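Working notes, structure below.
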Amino acid sequence: MSEHTASTPSVSVIGLGAMGSGIARTLLEAGCQVSVWNRSREKVDALVSDGAIACDSPADALKANTHVVVCLTDYAAWKAIIEANDLNDCFEGTCIIQLTTGTIDAVWEHAVFIEEHGGRIADGAVMCYPRDLGTDAGSLLMAGAPDVLEACDPLLRILAPNWTNLGEDIRKPTILSRALMVDVGMTLIGIVNGAALASAGDISLDVFKQHANNVGSILAAEKSRLIEAIQDGNTQETQASITSWGEGQKAVRSVAQSLGTNLVLQDAVKTVFDEGERLGLGEHDLSALVDVFASDPGS
Ligand SMILES: NC(=O)c1ccc[n+]([C@@H]2O[C@H](COP(=O)([O-])OP(=O)(O)OC[C@H]3O[C@@H](n4cnc5c(N)ncnc54)[C@H](OP(=O)(O)O)[C@@H]3O)[C@@H](O)[C@H]2O)c1
């Protein structure tokens, strides 16, 4: 841990799970004075041995510093902490840097609550593993009033040197992070499903991995191409139509069925392509599936 100096910020961290502990440690390593509180005491003690100051209650953590990072499982946990510890009067003059993953409604209601109780709010989404914090791979999407984000900047820079300012709309980090998680989630679920399929067909996972990496190398360029086609409204021109992609996916489903693997993912993919055909997009580019996703026909 570096020495705390007047030029390094002081901060409290509430919630010392994998991410909250990573945040507290990264701030300590940068020389910040860090006060910590967590429901389970052993996580506080582990941080104290790294140089943090223990708080006996969340109220103490809120009183200890103007800037307080909150990083919990969800907003319900934070609400439970506020209620159980009668914290309503502890937010006056405090800036909450809320890094808990939430729903749009929870994020909005929380911002209103903090401001009604005299606090300021910066809401964010962490887009990296705890081990990436403090490195160039650290990624934080943030929103809040310009003066709030400016005041938080020294802390945010320590966690993620290239943190992203999404402006004043407090919901934006939640929306962008979930949009990105669709991609990450589907890609990773896809690779796990592919591994199950390869194994069921007696293909070695070493061979699967080698080819998965080769196929995966086209993904970055293809993602950019799809986004640009949607941006330009140019989703008709294609080298592989939705119908031909759909046929390929039907073949995946048939192989999965022959090998006796679970078809839950193939059925979901089939629904997407069926919907594309129903909208008359069969001859269009894969990017035209944006019309399938653009609105919920059930709403
Ligand atoms: N881990 C990651 O790689 C990662 C990456 C990006 C974003 N995030 C986000 O960061 C946030 C924290 O994730 P995490 O990985 O640190 O989760 P975690 O390891 O499961 O930690 C959860 C934290 O929430 C606390 N908590 C849960 N319910 C509570 C309650 N009712 N009252 C008081 N405290 C409660 C836990 O306290 P106890 O220790 O007492 O159980 C712990 O401090 C989540 O919103 C997650 O989506 C995590």
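First listed ligand is number 1; within each ligand, the first listed atom is number 1. This structure is a prediction, so every number in the text was calculated from the model and none was measured.
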>> Let's go through Thr187 and Asp183 carefully: what are the C-alpha distance in whole Å and the side-chain angles of both, what is the deciding distance for side-chain hydrogen bond (donor to acceptor under 3.5 Å, both in side chains) to 0.1 Å, and is it a yes or a no?
In response: CA-CA 6 Å; Thr187 304; Asp183 172 28; 3.2 Å; yes
Check this for me - ligand 1, [X], N or O atoms closer than 3.5 angstrom, yes or no?
X      : answer
Met19  : yes
Gly17  : yes
Tyr129 : no
Ile81  : no
Cys71  : no
Trp37  : no

Do me a favour and list the nearest non-hydrogen protein atom to [atom] with residue, atom name and distance?
atom                    : value
atom 43 (O) of ligand 1 : Asn38 OD1, 2.7 Å
atom 39 (O) of ligand 1 : Lys43 NZ, 2.5 Å
atom 40 (O) of ligand 1 : Ser40 OG, 2.4 Å
atom 3 (O) of ligand 1  : Pro130 CD, 3.3 Å
atom 6 (C) of ligand 1  : Val126 O, 3.2 Å
atom 17 (O) of ligand 1 : Ala18 N, 4.5 Å
atom 28 (N) of ligand 1 : Ala77 CB, 3.5 Å
atom 31 (N) of ligand 1 : Arg39 NH1, 3.5 Å

Charged N to carboxylate O under 4.0 angstrom, [X] versus [Y]?
X      : Y      : result
Lys172 : Asp123 : no
Arg225 : Asp285 : yes
Asp56  : Arg41  : yes

> Relative to ligand 1, is Leu72 under 4.0 angstrom through side chain, backbone, both or neither, heavy atoms considered?
Replying inline: both
> ligand 1 versus Met127, non-hydrogen atoms closer than 4.0 Å: side chain, backbone, both, neither?
Replying inline: neither
>> Going by the rule salt bridge (Lys or Arg N to Asp or Glu O under 4.0 Å), which residues pair with Glu168 if we only count those two or more places apart in sequence or in a different chain?
In response: none
>> In the structure I gave you, are the side-chain heavy atoms of Ile242 and Trp245 within less than 4.5 Å of one another anywhere?
In response: no
> Does the side chain of Pro9 reach to within under 4.5 Å of the side chain of His67, using non-hydrogen atoms?
Replying inline: no
> Would you say the side chains of Gln266 and Asn193 form a donor-acceptor pair under 3.5 Å?
Replying inline: yes
> Does Cys128 come within less than 4.0 Å of ligand 1, judged by its heavy atoms?
Replying inline: yes
> Does Gly138 offer a backbone N or O that forms a donor-acceptor pair with the side chain of Asp132 under 3.5 Å?
Replying inline: no
>> Check whether Thr243 reaches the backbone of Gly282 with its side chain - one donor and one acceptor, N or O, closer than 3.5 Å.
In response: yes
> More than 12 foreign heavy atoms under 6.0 Å from NZ of Lys223: is that the case here?
Replying inline: yes
>> Once salt bridge (charged side-chain N to carboxylate O under 4.0 Å, His left out) is applied, what residue pairs with a partner in residues 227-242 remain, sequence neighbours excluded?
In response: none
> With respect to atom 24 (O) of ligand 1, which of Thr100, Asn85, Val44, Thr73 exhibits the smallest heavy-atom separation?
Replying inline: Thr73
> Who gets closest to atom 45 (O) of ligand 1 by heavy atom: Ile14, Asp132, Thr101?
Replying inline: Thr101
>> Let's go through Asp274 and Arg278 carefully: what are the C-alpha distance in whole Å and the side-chain angles of both, what is the deciding distance for salt bridge (charged side-chain N to carboxylate O under 4.0 Å, His left out) to 0.1 Å, and is it a yes or a no?
In response: CA-CA 6 Å; Asp274 286 351; Arg278 192 184 68 77; over 6 Å; no
> Counting each atom of ligand 1 from 1 as listed, which ones have a heavy atom of Leu16 under 4.0 Å away?
Replying inline: 43 (O)
>> Closer than 4.0 Å to some heavy atom of Gly15 - which atoms of ligand 1 meet that?
In response: 43 (O)
